[in-house]
Amino acid sequence: MENQIRKIARELLQSKKAGVIIGYGETDIAGRVAPIFVTNEKDTDRLVWNSRCWYNLARYLRKPEVKSKGRPAVVMKGCDIRSIVGLVSENQLKREDVTVIGVPCSGMVKSKNGTSSEPLKKCIGCQVQSPAHADVTVGADSPKPIEGRSLDEEVAAMAAMPADKRWEFWKQEFDRCIRCYACRQVCPHCFCNSCIAEKSTPQWISTASTRSANFAWNVMRAFHMAGRCSGCQECARACPTNIRLDILNRKIALDVKEAFNFETGIDLSAKPPLTTYKLDDNQEFIR
Amino acid sequence: MSTPNTVKHDFEPRIMAFVCQWCTYTGADLAGTSRIQYAPNVRVLKLPCSARIDVHFIIKAFEQGADGVLISGCHPGDCHYTAGNYYARRRFDIFRRLIDFLGIDPRRLQFSWVSAAEGRKWADVVNSVTEGVRAAGPFLDYKRLSDWKTHLTDVEAFLSGEAANQSPTASGV
Amino acid sequence: MKHRLSQQNLSEWLARILKNDTRLIAPVLDEKAHDFFFAEIQSPKLARFDGFTKMSAKEFIFPRHEPLFTYEFEKSSIRIKDVEPQVRKTVIVGLRPCDAAGFAVMDKVFHWDYDDKFYWKRREATTLITMGCSEPLDSCFCTSVGLSPMNDKGSDVLLSPLEDGSFLVESFTDKGTSLVTLAQDLFEPGDHLDRSSVEQKAVAKMVRKENLNELGSLLEKNFENHAWETLSCACMGCGACAMSCPTCHCFDIVDEGDLRGGVRLKNWDCCSFSIFTKHGAGHNPRDQQFKRCRQRYMHKLRYYKEKFGETLCVGCGRCVNVCPVNLDIYSVVTAVKNKEAQ
């Protein structure tokens with residue numbers, strides 16, 4: 001599959017259909033993979049495809065330094081394409097402005113250098129192993145399903161816990177937050193030019209790493225992701241203190257699905273759920 | 001049923017109410033002009049529409065010491081801005097589920113539609129929400145210690161908001 | 001003075017330190033987070049020396065947020081009350097030589113144009129017991145910045161793991177020596193022991209060998225090199241690198257309060273944030289991510305050395321491991337160095 005990706009990349013660059021190929025490449029440290037930005041045909045040999053190609057490259061479609069390199073073509077797994085669909089439906093991106101190179105995926109592994117085959121949490125039970133919405137797809141399309149305890153099971157287990165245990169859990173999680181904003185930076189859907197956490201007149205969220213401020217930040221970001229989060233789990237992976245943001249964001253995504261029958265990244269023409277309404281929306285919780 | 005607040009309680013909850021100015025605020029005003037007696041625990045903040053209520057306000061209210069938050073607006077179909085409460089309804093549904101998932105007692109965050117003619121309903125809602133929050137207890141685990149004077153010497157405690165390590169679902173003082 | 005300490009006695013020593021009214025901080029395996037972090041422990045059994053923590057130990061001396069003073073508005077004046085840092089006698093055990101060196105290097109900036117009393121009160125109350133590394137990681141590069149897996153820079157006590165499973169104990173300061181004398185019976189004489197052979201074995205295992213210590217003028221010449229943009233294109237400005245780094249010390253001063261009064265806080269900040277250099281007038285000299293990346297590397301390997309004579313980077317590799325996109329200061333800087341050599 002690597003050769004196919006490189007071939008497509010070369011063709012796109014040669015025919016000027018793309019100015020930059022955003023893909024995965026090796027780093028100096030054995031086994032590790034990083035995002036690379038190829039603008040030269042001779043560099044297309046640096047493109048790789050393996051079980052450590054975790055990153056959701058959709059994030060770079062918003063980065064000015066990448067946009068300035070030319071029309072992007074981006075190597076995407078099925079889960080990453082969901083972010084593109086989400087961005088298109090929120091008018092952050094025009095679908096015709098990017099070429100999606102879809103790659104069928106048999107799952108990514110947790111270990112940075114691939115020495116263990118334990119799958120990444122987000123890959124377990126994946127429904128989008130065959131990429132939809134791609135402009136061109138590489139490889140044979142029959143990836144093996146990925147087994148294990150899925151995130152949805154963890155979310156359900158947590159929802160079944162008594163309230164005070166849940167509170168203790170989240171208190172401990174958010175106490176670890178150091179307000180580095182890695183979760184926000186890696187998220188393709190956090191595209192506010194000026195984040196609410198950076199506003200000081202008035203200040204809505206304290207910048208200190210205290211319990212109440214950490215709650216405010218994490219809860220606000222999770223809520224702002226309602227109807228946007230495509231489940232790429234980059235936030236949880238990027239978090240330096242391993243906070244279970246994946247559980248939080250997945251819970252909200254499941255609520256959105258249940259309440260409004262909406263899932264990010266499946267339908268290019270679906271309106272984001274909180275920008276619309278139905279006359280018979282649930283209001284049982286309102287007196 | 002709206003009862004005068006004649007019973008002495010150990011804990012008087014402080015409840016923040018975010019209401020829309022066209023329906024609920026007017027309804028609350030009607031409760032006042034009709035001299036209906038009801039629980040005094042609610043502080044009302046008037047906003048143009050329930051759609052203006054950002055979930056930040058709810059979080060800020062808890063941070064600043066509210067034990068409960070009540071949100072109220074026009075009935076669906078009656079919104080002064082046509083559809084504001086429809087958008088708000090969706091937003092509140094998701095947020096309330098999130099609050100519940102975090103382990104915060106759902107009695108602390110309540111919603112109602114109160115029209116300009118429903119003075120009595122307003123009083124009933126406030127009484128009922130007050131009793132619910134009273135049963136849930138003070139919400140110490142979240143709020144910043146909001147009283148600067150008593151806590152100037154204990155800034156660390158102030159900043160960590162650790163007045164007590166209680167679960168918010170424990171009732172009592 | 002040198003001593004030998006057995007594995008069991010190490011545990012007992014930590015127990016005695018705890019009993020001596022001391023806050024003991026060690027690397028632990030956080031069950032919830034599934035990773036190693038420094039944390040306060042009440043039992044020596046929880047201390048783990050077989051892993052590398054994700055975050056550094058700097059937060060115990062340079063906290064994530066620190067109140068400086070409180071203020072209260074009065075009729076026609078403002079009453080300011082200084083905050084005295086609440087400090088307990090502390091021992092941090094299980095630091096790596098890079099972490100200990102990090103404190104020694106960071107000391108300089110907090111002793112520069114004034115003595116930061118918040119930093120120094122905690123620093124003086126803290127004793128550092130370093131555990132040497134026999135198995136460096138493939139992301140480690142302490143040797144590239146003049147250190148080594150068993151270097152003693154910054155340590156009050158250094159424990160070097162010997163081949164028989166015991167430790168060579170060397171104390172370099174009064175603070176360190178007093179910890180040893182606290183439990184003298186647990187230590188055997190060790191003047192005949194030497195760490196140079198285990199140190200050499202560990203150094204031989206290091207994968208990364210470029211020298212990054214003398215790059216001042218090369219970096220200066222290559223400030224405008226276009227390579228910075230290409231090499232750091234993946235950076236998303238997340239801040240995880242600075243937060244986990246043992247020597248990053250940038251902070252943001254904020255006032256938080258209401259109509260009655262408030263508190264002035266010192267919070268961790270990061271030069272990778274887009275608003276780090278944003279001026280009040282709106283201009284931002286580092287308005288693009290690669291400029292911020294470049295600045296971070298320059299600060300580590302050039303500016304700090306020019307000011308204080310030492311590289312700010314200690315080669316621990318935490319930034320490399322914690323970066324969501326595997327951006328690597330060692331790779332980027334050696335690439336610039338090699339492009340220059342071409």
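- Using a 4.5 Å cut-off between heavy atoms, A:M158 contacts chain B through both its backbone and its side chain.
- The most heavy-atom pairs under 4.5 Å with chain B, out of A:R287, A:R166, A:K278, come from A:R287.
- In terms of heavy-atom pairs under 4.5 angstrom with chain A, the leader among B:I71, B:V129, B:I59, B:V125 is B:I59.
- Proximity to chain B (any heavy atom under 4.5 Å) is shown, for A:P273, by both the backbone and the side chain.
- Using modelled atom types, one finds no donor on one side chain facing an acceptor on the other under 3.5 Å when comparing B:H75 with A:Q283.
- Taking A:L274, A:V219, A:T276, A:V155 one by one and counting their heavy-atom pairs under 4.5 Å with chain B, the maximum is reached by A:T276.
- Among A:E284, A:E258, A:E173, the residue making the largest number of heavy-atom pairs under 4.5 Å with chain B is A:E258.
- A:D152 and A:S150 form no side-chain donor-acceptor contact under 3.5 Å, judged by distance and modelled atom types alone.
- With chain A as the partner, the residue from B:I99, B:V114, B:D93, B:D54 showing the most heavy-atom pairs under 4.5 Å is B:D93.
- With a threshold of 4.5 angstrom between heavy atoms, A:D280 approaches chain B through N, CA, C or O but not through any side-chain atom.
- Proximity of the aromatic rings of A:W204 and B:F57 is defined here by a centroid distance below 6.0 angstrom, and this criterion is met.
- The contact between A:I196 and chain B is made entirely by side chain atoms (from C-beta outward), counting heavy-atom distances below 4.5 Å.
- Residue B:R96 touches chain A through its side chain alone, counting heavy-atom pairs closer than 4.5 Å.
- Side-chain rings of A:W167 and A:F215 approach one another, their centers coming within less than 6.0 Å.
- Side-chain contact annotation: B:Y87 with B:R89, donor-acceptor N/O pair under 3.5 Å absent.
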Pair up each side-chain donor or acceptor in residues 225-237 of chain A with any protein partner under 3.5 Å, not counting sequence neighbours, and list the distances.
residue	atom	partner	partner atom	Å
A:R228	NE	A:E90	OE1	3.1
A:R228	NE	A:E90	OE2	2.7
A:R228	NH1	A:H224	O	2.6
A:R228	NH2	A:E90	OE2	3.3
A:S230	OG	A:S83	OG	3.0
A:Q233	OE1	A:K122	N	3.4
A:E234	OE1	A:R237	NE	2.9
A:E234	OE1	A:R237	NH2	3.3
A:E234	OE2	A:N56	N	3.2
A:E234	OE2	A:R237	NH2	2.9
A:R237	NH1	C:P324	O	3.2
A:R237	NH2	C:P324	O	3.1

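- Side-chain contact, B:W22 with B:Y81: a donor N or O sits under 3.5 Å from an acceptor N or O.
- If you check the side chains of A:S194 and A:K199, you find a donor sitting under 3.5 Å from an acceptor.
- Both the backbone and the side chain of B:D100 come within less than 4.5 Å of a heavy atom of chain A.
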